[in-house]
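Quick notes on the structure that follows.
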Amino acid sequence: MRIRIALLTITAALALSACGQGPASTPPTAPDSGSSAAGIQVTEIWSRPAIAMDDAQPTGAMPMPTKAMGMDAATPASGGMGGMNGMGATGAVYMTIKNSGGAPDKLIKAQSDVAKTVELHTVINDNGVMSMRPVEGIDIPAGESVTLKPGGFHVMLIGLNRDLKIGDSFQVTLQFEKGGQQVVQSTVRQP
Amino acid sequence: MRQMHHLWRLFVALPIVWALGACGGPYQFHGTVLDPPNRAPNFVLADQDGATFQLQDQRGKIVLLYFGFTSCPDICPTTLADLAATRQRLGDDAKQIQVVLITVDPERDTQQRLKRYVSLFDTSFIGLRGTQEQMAPIMKDYGVSATKRPLPDSALGYTVDHSAFVYVIDQAGMWREQFAHGAAIDDMTNDLRYLIKNGAS
């Protein structure tokens with residue numbers, strides 16, 4: 001009798017403990033607007049929305065905060081409370097680079113009309129403290145794919161001269177050590 | 001022989017305990033929990049509209065505090081976008097969540113830039129900035145490290161290396177847990193759902 005109670009309880013426990021984990025969500029894949037040359041194929045190029053430099057003209061109406069916080073109509077057009085070096089806000093471009101050639105290659109430079117300067121950066125996580133560092137190049141080993149994604153390597157846009165809004169797309173010119181130049185389109189979307 | 005007499009109770013008790021632990025028992029938070037929770041240190045800073053923000057005025061709402069800066073191209077936007085997505089998952093309950101970004105780069109992050117930046121992610125987000133004197137005790141209280149580092153090879157001039165945690169403060173103003181960078185949106189959503197339902201416990 002007691003054995004039966006014990007067995008019943010164990011079975012009940014097993015049943016109860018099958019409390020599901022929620023379904024894992026997979027992020028949507030970006031539409032491809034890549035290109036390829038000399039074994040290098042660049043796909044899934046995307047950027048997050050970002051704001052332009054303080055004194056640049058935004059492309060659309062400024063989003064208004066929904067909560068009433070004593071909005072003052074007389075917001076100064078630029079400079080604000082002593083913004084010094086005029087460096088614009090930044091953006092990042094992510095992508096997947098595939099090297100189907102037999103020799104290793106390297107992304108060494110990038111350029112875009114949408115920003116004053118474009119650099120290559122990575123992020124280092126030192127026990128919760130995040131540091132961003134510029135890199136000379138991003139290695140793409142032979143026969144491998146490298147994905148530039150949030151938290152790691154990225155093409156950094158410095159001094160944006162216009163806002164990047166969801167749905168926008170803009171050109172980025174990539175320079176590979178061996179593969180030469182490639183022009184790709186980046187789509188602005190939420191991750 | 002006496003032991004056998006009581007052994008069956010173990011077979012009843014253990015599975016019950018295990019089942020409770022697996023489902024419906026004490027909730028397992030996904031971040032780093034502060035146990036016991038401490039009162040979140042209060043602070044007063046100016047927000048993106050120039051109004052005064054005081055943390056203890058937020059009682060009744062859950063505050064998600066994040067220290068970052070607008071020239072941060074990757075880490076900060078990732079987390080802020082994740083927090084916006086978390087709010088969306090919470091639907092109607094999202095109005096009980098207040099996301100607050102405190103800039104660690106007040107030199108470049110003017111009030112105006114902060115305002116444009118936070119509104120990019122969600123119109124409910126608040127951005128705060130303060131002087132070095134105002135910021136120092138706050139960063140100490142929350143264990144935030146933020147170091148300005150020159151970047152001689154970059155047009156950016158300098159970056160700010162900073163701790164990238166999201167600090168979770170409940171409706172009673174108690175600091176409950178913190179999420180590391182990259183915490184899953186599902187995990188954050190579930191923890192917040194629990195806190196919303198269970199109020200200040």
Side-chain angles (χ1 to χ4, degrees), chain A residues 2-3 5-7 9-10 12-14 16-17 19 22 24-25 48-51 54 58 62-67 69-72 75-76 78-85 87 89-92 116-117 119 121 123 125-126 128-134 150-151 154 156-159 190-191, chain B residues 8-12 14-16 18-24 47-51 70-75 77-78 81-82 84-85 107-113 115-117 119-121 123-124 126 129 145 147 149 151 153-157 159 161-165 180-182 185-186 190:
Chain A
R2 287 175 198 161
I3 306 260
I5 295 174
L7 281 171
T9 322
I10 294 174
L14 278 168
L16 271 176
S17 69
C19 297
S25 56
R48 234 192 242 95
I51 55 173
D54 292 331
M62 288 251 280
M64 288 300 182
T66 47
K67 44 201 291 297
M69 282 282 283
M71 270 279 328
D72 58 329
T75 323
S78 73
M81 298 205 275
M84 337 252 126
N85 68 17
M87 249 315 138
T90 58
K116 251 201 173 130
T117 315
E119 293 174 3
H121 281 250
V123 179
N125 181 350
D126 183 6
V129 179
M130 300 296 174
S131 326
M132 184 179 80
R133 272 153 221 275
H154 51 279
M156 184 165 163
L157 308 166
I158 303 173
Q190 291 290 16
Chain B
W8 76 275
R9 286 191 202 149
L10 209 58
F11 283 108
V12 178
L14 275 177
I16 293 177
W18 179 37
L20 280 176
C23 169
D47 77 8
Q48 74 267 31
D49 292 309
T70 73
S71 302
C72 165
D74 178 69
I75 298 296
T78 303
D82 286 353
E107 252 181 74
R108 285 188 298 209
D109 291 347
T110 60
Q111 178 189 316
Q112 193 211 8
R113 176 181 289 191
K115 182 169 164 147
R116 294 192 63 205
Y117 186 74
S119 65
L120 252 185
F121 298 97
T123 48
S124 74
I126 289 176
R129 71 191 287 277
S145 108
T147 319
R149 179 165 53 87
L151 292 174
D153 303 323
S154 169
L156 204 59
T159 183
D161 299 341
H162 63 103
S163 348
F165 297 99
H181 177 76
I185 295 173
D186 277 337
N190 286 332

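Chain A is the first sequence line, chain B the second, and so forth, proteins listed ahead of strands; every chain is numbered from 1.
A donor-acceptor contact shorter than 3.5 Å is absent between the side chain of A/Q190 and the backbone of B/A81.
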Would B/R149 and A/S131 count as a side chain to side chain contact (heavy atoms under 4.5 Å, CB included) here? Give the steps. CA-CA 9 Å; B/R149 179 165 53 87; A/S131 326; 3.4 Å; yes
Check against side chain to side chain contact (heavy atoms under 4.5 Å, CB included), B/L151 and A/M132: CA-CA 10 Å; B/L151 292 174; A/M132 184 179 80; 4.1 Å; yes
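Ranked by non-hydrogen atom pairs under 4.5 Å with chain B, the options A/G151, A/A92, A/G128 are led by A/G128. Contact count versus chain A (heavy atoms, under 4.5 Å) is highest, among B/A84, B/S145, B/P77, for B/P77. By number of non-hydrogen pairs under 4.5 angstrom with chain B, the leading residue of A/R48, A/H121, A/M156 is A/R48.
We find the CD1-OG distance between A/I158 and B/S71 to be 9.0 Å, quoted to the nearest 0.5 Å. Taking OG1 from A/T90 and CG from B/D74, the interatomic distance works out to 9.5 Å, rounded to the nearest 0.5 Å. Rounding to the nearest 0.5 angstrom, the gap separating the NE2 atom in B/H181 from the CE atom in A/M130 is 4.5 Å. Here the CG-CZ distance, from B/D153 to A/R133, works out to 12.0 Å after rounding to the nearest 0.5 Å. Taking CD1 of A/I51 as the reference point, atom CD of B/Q112 lies at 8.5 Å (rounded to 0.5 Å).
In this structure, the side chain to side chain contact (heavy atoms under 4.5 Å, CB included) partners of B/A85, at least two apart in sequence or on a different chain, are B/I185. With sequence neighbours excluded, no residue forms a ring pair (Phe, Tyr, Trp, His ring centres under 6.0 Å) with B/F165.
The parts of B/A164 that come within reach of chain A are both its backbone and its side chain, each placing non-hydrogen atoms under 4.5 angstrom from that chain. Both the backbone and the side chain of B/T78 come within contact range of chain A, with heavy atoms under 4.5 Å apart.
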